[in-house]
Novice: 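One structure coming up, written as structure tokens, with questions to follow.
Reckoned from all heavy atoms, side chains included, excluding hydrogens, waters and symmetry mates. A, B, ... follow the sequence lines: proteins, then strands. Residue 1 opens every chain.
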Number of protein chains: 2
Amino acid sequence: MELTPIAQKFIVHWGEMGEKWGINRTVAQIHGLLYLSPEPLNAEEISDTLSVARSTVSVGLHELESWGIIRVVHTLGDRTDRFEIKGDVYEMFRFIVEYRKRREVDPTLGMLREAMVELEAGGDPHTREKIGEMLALFETSDSLYRQIQKVSTQTIVRIAKMGDIVSKILKFFPE
Amino acid sequence: MELTPIAQKFIVHWGEMGEKWGINRTVAQIHGLLYLSPEPLNAEEISDTLSVARSTVSVGLHELESWGIIRVVHTLGDRTDRFEIKGDVYEMFRFIVEYRKRREVDPTLGMLREAMVELEAGGDPHTREKIGEMLALFETSDSLYRQIQKVSTQTIVRIAKMGDIVSKILKFFPE
DNA sequence: CCGTGATTTCGATCTTTACCGAAAGAACCG
DNA sequence: CGGTTCTTTCGGTAAAGATCGAAATCACGG
């Protein structure tokens, strides 16, 4: 499949950007390609378009599936697995955040909590204070995240798109 | 310098966690060590404690300085550069977010804006729609971020620590 | 302006990670 | 059941990234 120059630019940039955030470049590119594609693609089309090995595409697709942001589609008269992006950009964003939080933030939260338990049963006061502060940051963020998680995408978008939303909120919480 | 088992665990975990977010493990470890340290450390102490080459520490410290989260301290009768964490965990968090946003999100925003300009001057409608949606997500996030950025850490912490904050906010924005 | 100690630079390794492609494995058809 | 087509696994290789340590540079006191 041929890509327009703009599509190419987007996909390449997406790959580089992903890399900086600890995401495999090829995986990010596959994601970018699927995102732009008007219809579901199969592994071979992706492989051809991005010039990467079929096997690499296979692995990448599974990775994206495990994040929950793409799905398999089957169409009549086509034996190949075709893939498409699930939901809109906002949902996608939420899925990615959720996935990374669960795999990377939650374990840290666990570690900090354990450390805190041990430190409270006698440990260096300075360490206790520092770990305590960090734990507080993580707990607060976690709690905020959980609350926001419950709100529908629709509601979030609606509110986020109102101009000057933060100052409006601040008015409700005076000094 | 000797580390307690808890400090070790924290620093090691911090390093691994950093790696997953595209941060050099050693840099993250240096950061973790400085975070726990009751007083400023010089490069050699860090090098010894973490068992990494002196030069690697030097580079790592500069990296952390460029993020704006550590500072150099000089004390009388000591010719070495000593380093310490700047501000509390919340400020640290803000600095890191700011740094990464500027270097990694802003360029993407730029790319999307450019792409959108080109697409509006005639381009595939589907691509235009998809890039448009992604751009909207980035613009909304960017705008939200800029608004929050202006609010003092103090205020954010105060509000964040109130229980159930999100549902309180939602009450002000009925359907 | 020399000497000492601290710091940084930089090329050479070492380690990790990504990627390929051949072969094995599934799913499906007749 | 073979045969066909699609998918996955996996060992080897290549590329990228991290780390080291020697040498260059810098900073400052005497």
Side-chain angles (χ1 to χ4, degrees), chain A residues 1 11-12 14-34 40-67 70-84 100 103-104, chain B residues 1 11-12 14-34 40-67 70-84 100 103-104:
Chain A
M1 198 178 46
I11 291 168
V12 167
W14 210 238
E16 285 166 358
M17 160 112 171
E19 252 185 327
K20 295 193 180 157
W21 289 89
I23 293 163
N24 179 295
R25 187 180 58 217
T26 305
V27 171
Q29 285 181 353
I30 293 171
H31 175 255
L33 174 58
L34 286 178
L41 302 175
N42 65 32
E44 187 154 354
E45 290 164 343
I46 298 171
S47 167
D48 288 349
T49 310
L50 299 179
S51 306
V52 291
R54 274 285 298 286
S55 52
T56 306
V57 173
S58 173
V59 175
L61 286 168
H62 280 295
E63 172 96 25
L64 291 170
E65 260 189 302
S66 78
W67 299 6
I70 65 171
R71 75 157 70 83
V72 191
V73 197
H74 286 117
T75 41
L76 248 75
D78 181 0
R79 281 174 54 188
T80 67
D81 288 353
R82 296 188 158 270
F83 297 84
E84 68 177 12
R100 302 206 67 160
R103 308 242 317 197
E104 292 147 25
Chain B
M1 197 180 43
I11 291 168
V12 167
W14 210 238
E16 286 165 358
M17 160 113 173
E19 254 185 324
K20 296 194 180 154
W21 289 88
I23 294 164
N24 179 297
R25 187 179 59 219
T26 304
V27 171
Q29 285 181 354
I30 294 171
H31 175 255
L33 174 59
L34 285 178
L41 302 175
N42 66 31
E44 188 154 354
E45 290 163 343
I46 297 171
S47 167
D48 289 349
T49 310
L50 300 179
S51 306
V52 290
R54 181 68 188 61
S55 52
T56 306
V57 171
S58 173
V59 175
L61 286 168
H62 280 295
E63 172 96 25
L64 290 170
E65 259 189 303
S66 78
W67 301 6
I70 66 172
R71 75 157 68 83
V72 190
V73 197
H74 287 118
T75 42
L76 247 75
D78 180 0
R79 280 174 57 187
T80 67
D81 288 352
R82 298 189 156 268
F83 297 84
E84 67 178 11
R100 301 205 67 159
R103 309 245 313 199
E104 291 146 25

Novice: Starting at atom NE2 of H62(A), determine the distance to atom P of dG25(C), rounded to an integer number of angstrom.
Specialist: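 Checked: the NE2 to P distance equals 17 Å.
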Novice: For R79(B) and dT4(C), what is the distance between atoms CZ and C1' respectively, to the nearest whole Å?
Specialist: 7 Å
Novice: Nearest whole angstrom, please: distance from the C1' of dT19(D) to the CG of L50(B).
Specialist: 13 Å
Novice: CG of D48(B) versus P of dC20(D): gap in Å, rounded?
Specialist: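 Those two atoms, CG and P, are 12 Å apart.
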Novice: Should S58(A) be listed as having a side-chain N or O under 4.0 Å from OP1 or OP2 of dT7(D)?
Specialist: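 So the side chain of S58(A) is outside the cut-off, no N or O lying under 4.0 Å from OP1 or OP2 of dT7(D).
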Novice: Shorter than 3.5 Å, N or O on both sides, protein versus nucleotides 16-20 of chain C: list them out with atom names.
Specialist:
unit_1  : atom_1 : unit_2 : atom_2 : d
dC19(C) : OP1    : T26(A) : OG1    : 2.6
dC19(C) : OP2    : N24(A) : OD1    : 3.1
dC19(C) : OP2    : N24(A) : ND2    : 3.3
dC19(C) : OP2    : T26(A) : OG1    : 2.8
dC20(C) : OP2    : A53(A) : N      : 2.7
dC20(C) : OP2    : T56(A) : OG1    : 3.0

Novice: In whole Å, I'd like the distance from the CG atom of D81(A) to the P atom of dC28(C).
Specialist: 10 Å
Novice: Expressed as a whole number of angstroms, how long is the span from I30(B):CD1 to dT7(C):P?
Specialist: 13 Å
Novice: Can you list the steps and then say if R54(B) with E44(B) is a salt bridge (charged side-chain N to carboxylate O under 4.0 Å, His left out)?
Specialist: CA-CA 6 Å; R54(B) 181 68 188 61; E44(B) 188 154 354; 5.0 Å; no
Novice: Report the residue from I46(A), I11(A), L41(A), V59(A) that forms a side chain to side chain contact (heavy atoms under 4.5 Å, CB included) with I30(A).
Specialist: I46(A)
Novice: On a heavy-atom basis, which atom in A28(A) and which in G15(A) lie closest, and how many Å separate them?
Specialist: CB-CA, 3.8 Å
Novice: From C-beta outward on A43(A), which listed nucleotide comes closest to its side chain: dT7(D), dT9(D), dT7(C)?
Specialist: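 Within the option list, the nearest is dT7(D).
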Novice: Does the pair E16(A)/R25(A) count as a salt bridge with the N-to-O cut at 4.0 Å?
Specialist: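 Answer for the salt bridge query: no.
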Novice: Between C1' on dA27(D) and CG on N42(B), what's the gap in Å once rounded to a whole number?
Specialist: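 My rounded result for the distance is 16 Å.
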Novice: Once the angle between the rings of W21(A) and W21(B) is folded into 0 to 90°, is it parallel (under 30°), tilted (30 to 60°) or perpendicular (over 60°)?
Specialist: perpendicular
Novice: How many whole angstroms separate atom CG of L41(B) from atom P of dA6(C)?
Specialist: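 So the CG-P distance, L41(B) to dA6(C), works out to 16 Å.
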Novice: Any side-chain to backbone donor/acceptor pair from S47(A) onto A43(A)? Under 3.5 Å, distance only.
Specialist: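 Side chain of S47(A) to backbone of A43(A), a donor-acceptor pair under 3.5 Å: no, none is there.
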